[in-house]
Amino acid sequence: MLTTHVLDTMNGRPAAGMKIELFSSGKLIKTVMTNADGRTDAPLLDAEEFATGNYELVFHVGDYFGDRSFLDQVPVRFIISNAEAKYHVPLLVTPWAYSTYRGS
């Protein structure tokens, strides 16, 4: 299973209403919006869709903050190497900086 969430660390709250695109091998496979908790309403990939390979999440932070003076889109490229494991890829973001990690 693949999940994500976004935290607006500038304002100290979940990033509600942020557009996220999921790509696999360069092909767009899903576009979602974060909910009031900064999460997606469903996993980005559930057990039936989950497969090993190269993926990319593109977070549209410029649209969210309404500020494109520095960050516009934040791409996070990662590899799913174990289709039996859970992958959680969160984003902590401001208009000027971001951080990500593999969560649980």
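Every heavy atom of this structure was used, including side-chain atoms; hydrogens, water molecules and symmetry mates were not.
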Could you tell me which non-hydrogen atom of [X] sits nearest to which non-hydrogen atom of [Y], and how far apart they are?
| X | Y | value |
| --- | --- | --- |
| Pro90 | Gly103 | CD-N, 4.1 Å |
| Asn82 | Phe50 | O-CE2, 3.7 Å |
| Pro14 | Gly38 | CB-N, 3.5 Å |
| Ala16 | Ala36 | CB-CA, 3.7 Å |
| Asp67 | Pro95 | OD2-CB, 3.9 Å |

Exercise. Report the C-alpha separation of Phe65 and Val93 in whole Å, then their side-chain angles, then the decisive distance to 0.1 Å, and conclude whether the side-chain contact (heavy atoms from CB on, under 4.5 Å) test is met.
Key: CA-CA 10 Å; Phe65 286 109; Val93 67; 4.1 Å; yes
Linking I/L/V/M/F/W/Y whenever any side-chain heavy atoms sit under 4.5 Å apart, do [X] and [Y] land together?
| X | Y | value |
| --- | --- | --- |
| Leu28 | Val76 | no |
| Val58 | Leu7 | no |
| Leu92 | Val74 | no |

Quiz item: Quick one: salt bridge (Lys or Arg N to Asp or Glu O under 4.0 Å) partners of Asp46, sequence neighbours excluded?
Solution: none
Exercise. Using side chain to side chain donor-acceptor pair (under 3.5 Å) as the criterion, list what pairs up with Tyr55, not counting sequence neighbours.
Key: none
Nearest-0.5 Å distance that lies between atom [atom1] in [X] and atom [atom2] in [Y]:
| X | Y | atom1 | atom2 | value |
| --- | --- | --- | --- | --- |
| Asp41 | Asn35 | CG | CG | 5.0 Å |
| Thr40 | Met33 | OG1 | CE | 12.0 Å |
| Leu2 | Leu22 | CG | CG | 6.0 Å |

Quiz item: Going by atom types only, do Asp8 and Tyr64 share a side-chain donor-acceptor pair under 3.5 Å?
Solution: yes
Exercise. Scan for side chain to side chain donor-acceptor pair (under 3.5 Å) pairs involving residues 20-34, sequence neighbours excluded, and state none if there are none.
Key: Glu21-His60
Practice problem: Could you list all the side chain to side chain donor-acceptor pair (under 3.5 Å) pairs where at least one residue sits in residues 94-104, not counting sequence neighbours? | Solution: none
Quiz prompt | Residue pairs involving residues 20-44 (criterion ring-ring contact (aromatic ring centres under 6.0 Å, His included); sequence neighbours excluded) | solution = none
Quiz item: With a cutoff of under 4.5 Å between side-chain heavy atoms, which Ile, Leu, Val, Met, Phe, Trp and Tyr residues group with Met1?
Solution: none
Quiz item: When you look at CZ of Phe70, are more than 12 heavy atoms from neighbouring residues, nucleotides or ligands closer to it than 6.0 Å?
Solution: no
Exercise. Please assess Thr4 against Leu91 for the test side-chain contact (heavy atoms from CB on, under 4.5 Å), listing each intermediate value before the final yes or no.
Key: CA-CA 8 Å; Thr4 189; Leu91 184 74; 5.5 Å; no
